[in-house]
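Here's the structure we're looking at; comments come further down.
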Amino acid sequence: MRTIVILLCLFQLFIFPYYLCWAEEEQAADAEPADPDIVLPSVILEIEDLSIETIEAVLPGEAELLPPERKVPLPEEDIMEVKDPVPGVAYPDQDISKPPGDSSFIAEAILGAGSVNNILSQISFYKLGKSPRYKLLFSHEMLDGFAFHDAGTGYNLREDSLEASLQGEHGILETEISGNYFEKENGLQGQGNYFSNISRFIDGTALFSVKPVDVFTLSAGIGGSFTSMSLTGASVPEIDASYPPLEIVAKATLGGEYNKDSITLGIESEYTYRNLPGDAAYDLHRILARAYFGFELPLTFIVNGEVGYFYASQDLWFVPFTLNLTANPADAFSFRLSGGYKRETYDLFTVWREFEYVGFVDNFTGDFRGYPDNHGWFGDGSVKFNIDNNFILSLGCGISANSLLLGYGDDLTPELSTGLFTLVEEENVLKATGELGLGIHLTGWLDLNLTTKGNVLFMEDPEAWLEAGCEGISAREDGKFGGSFSLIFTTDFEKEVELPLLDVALFFKISDNIRIIGEGSDLLSPLIEDGRIIRGPFVSPGIRGTIKVHITF
């Protein structure tokens, strides 16, 4: 008994204090918050989710009927532009919501090669998590000798791009700096006296914001772009003393925003200067002052809008405004309504990225060189029905009045010397659009999207075209392998109907970090006698196959 008493005393004197210290340390450790999750930015390299709810198929003419949902502050209202069809397929992607291990650094690489002397590569680096954060992305793709023509004969395409951004916070100051370089070469396919035309686009922005209090933010930004074109294979054409041109655009913004709970109020001013060295008639000053708002009502009704004053030194001014209503009153039903008076700017930076095989804008309106900015009334809306998440029916329509639209016109003959088109101005154009889509989700093995879109331009020589598309994605539940297809049919109601564009893709995941992808593009083009036409005498690359390796580090 004495021994037990002695042991208890020793425990109280020596061991028990250490036990108390250990218990306190364990409790303190339990009280510590868990390591914060790394929040990745919305970087989507390829389709990841098999549940496709948005019906998408690129039109051969006007851009998508339903513009993206607007957020406060509202972006400038863009006109729906005329575009060529861009066929493509998608396939399920691996989950990259978390980087490998505990690192906040992600690296990805896509390497590929295919028929028609096609090579491609894309390398991406991301630094996430704590400030500073950055992104660096480089891509290169080229093909030569497509549509059953030999390499080096002008049937070639090349695209190079470089994107970089840097974000950081220091106290109440937030900074975001970004820059982009994009270069595209189109072979002129024996048209004119030149081998190809190369367009280069460089743009960058620097945004700074200060938050003196939680509900108010002051922001300022500067930005600019450089746009140029050159022709290869011969001397510079004697079209104009400044050809090939270099367009310079500089922009500055200043604004303030109040944001509390579900209410947003803000004001912003913007100044833009455009210059083409050696051509004073191309100089242009633009000024925009606007106020915007946004708030949320019961039943998930969201209202936002803006009103402003716009002035351009081409003797143009008007009051643009936009009002939007988005609602999701029930799980199976949502709708969106939008309307107002929009504006769209026409610079070489926007025109050359929108229209291919187009030369220097050499038009005059009075003493002004170039095209006036487009403006006019617009209204559009959409409604979506979701039935048990297996069937999604969407309908939409829109109408807009346009002071000026650009197009290729009826004469699709390139200029004799350059092999490039001259754009045609269409004034006072009324445009109507409509869309009907159906999405079918068969759990575990197939997602199918069906869509039909129509466009009508009411002008001196009316135009109309229709597109119908079908897209499907299928993959095993564990994502080990799968595939997808895309079938797009287009017609303008006047020309002979061509065979649709058919693309397919298959993938196999070797490991969590490596996937092998096989793609086939425009598989039906060999059945078209003279090849698939892009515009006028220019043909598309036609059938081709590509093998890619996608690696994530």
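These numbers come from the heavy atoms of this one structure, side chains and all, not from hydrogens, waters or symmetry mates.
With salt bridges taken as basic N to acidic carboxylate O contacts below 4.0 Å, one links Asp373 and Arg286. Here Arg535 does not pair with Glu356 in a salt bridge; the nearest charged N to carboxylate O distance is not below 4.0 Å. In summary, Arg532 and Asp522 engage in a salt bridge, as defined by a charged side-chain N under 4.0 Å from a carboxylate O.
There is a side-chain donor-acceptor pair under 3.5 Å between Tyr282 and Glu247. Checked by atom type, the side-chain pair Asn193/Ser417 shows no donor-acceptor distance below 3.5 Å. There is no side-chain donor-acceptor pair under 3.5 Å between Glu427 and Ser403. Ser196 and Glu185 are linked by a side-chain donor-acceptor pair at a separation below 3.5 angstrom, with hydrogens and angles left out of the test.
Ring planes of Tyr371 and Tyr346: perpendicular class, angle over 60° (limits at 30 and 60°). Ring geometry for Tyr408 versus Phe355: interplanar angle over 60°, hence perpendicular rather than tilted (30 to 60°).
Within 6.0 Å of CG in Leu416 there are 12 or fewer heavy atoms belonging to other residues, nucleotides or ligands.
Residues Leu457 and Leu405 meet the side-chain proximity criterion, which asks for heavy atoms closer than 4.5 Å.
For Trp377 and Phe321, the ring centers sit closer than 6.0 Å to each other.
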